[in-house]
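Both counts, for ligands and for their atoms, begin at 1 and track the order of listing.
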Amino acid sequence: MIAPTSHENHRQFELPGRITVLEGNGELPKLELTTDWSTAEIYLQGAHITDFQKRGEEPLLFTSRCSRFLAGQPIRGGVPVIFPWFGSREGEPAHGFARLAAWRLQEATAIPEGGVSLRFSLPEAPARATWPEFSANYIITVTDRLAIELIITNLSPGQPLIFENCLHTYFNVGDINATTIRGLQGVGYLDKTQQFAQKTEANEAIRITEETDRIYLNTTTAVEIVDEKLRRRIQVNKRGSASTVVWNPWSAKAQAMPDFCNEDYLTMVCVESGNVAENKLSLPPGRSAVLQVEYSSTAL
Ligand code: BG6
């Protein structure tokens, strides 16, 4: 019998020249996508995008070569889907159960302009038992950019669905010391490296020079990552998101993380879009919340 998460179960979604289904690292099923402009790689576990690369460019996403690829363990890098809570929670997995679940691929479409679009849904699971009934759909569209939508619908008849969501994206940068993050000046944030101290961003161009773990609140604007080494500007456009999280573990924490190589902190930064902490969402019965992000890049 073929296990429900085997790549063989997804062969029906293959599209010649566009989508290939194969066994990835750790024997986990993954999809390889090819478009007129780019390639991408997505694991069914977590509906986790681990690679997106435009032809002739360095990868846009960072995935650690020290990552584990184990059923039920988070993948380190790419785009982890954080839902229904962000951060740690006693007795529960950090950052929620969505990134650990085997998502179900529901549709795979070649779009006429030369791209590919996939829709996944989060299956029923014991971890959902204590939550009001909901559906979670995840749409990934790959063209010359990477566009993602996470759609949560409250299906319960009489209870609000209160949750956090976040696309915890790891970006590949040439050198963290030659990288700035722009678009957050004047925004209030919680500094997780200092017991959630409340601060206000003073810099137009943020440089990362130490462990950085910040939840920027009440900010809906686009963010840019300016990478002097790769001579590239990455745009993070978002809708339905009031929080931006910026994270780099820096050297000591990198060494303490078993699934992250010691030097990885030099070539990555997480710029995460979602609704976390006081921006958590309360969805009335029958309503949906849509979190949309679009990642694109241009030469400097
Ligand atoms: C960030 C959090 O979003 O994710 C950090 O703000 C956390 O506090 C980081 O360390 C990584 O989390 P995890 O669970 O993937 O190791």
Identify the closest protein heavy atom to atom 10 (O) of ligand 1: which residue and atom is it, and at what distance? K253 NZ, 3.2 Å

NZ/NE/NH1/NH2 to OD/OE distance under 4.0 Å, E41 and K30: yes

Does NZ belonging to K229 count more than 12 external heavy atoms closer than 6.0 Å? no

Taking N or O atoms only and a 3.5 Å limit, does Y170 qualify as a polar contact for ligand 1? no

What do we get for E211 next to ligand 1 when only non-hydrogen atoms under 4.0 Å count, side chain, backbone, both or neither? neither

Measure from the ring center of F171 to the ring center of Y295 and say whether it is less than 6.0 Å. yes

Applying a heavy-atom cut-off of 4.0 Å, say which part of R214 lies close to ligand 1: side chain, backbone, both or neither. neither

K192, portion touching ligand 1 at heavy-atom distance under 4.0 Å: side chain

Where ligand 1 meets E272 - atom numbers and elements under 4.0 angstrom, heavy-atom basis: 1 (C), 3 (O)

Can a side-chain donor-acceptor contact be found between K238 and T244 if the only test is distance below 3.5 angstrom? yes

How close does the nearest protein non-hydrogen atom get to atom 1 (C) of ligand 1, and which residue and atom is it? H168 NE2, 3.3 Å

Is it true that S121 and Q106 share a donor-acceptor pair across their side chains at a distance under 3.5 Å? yes

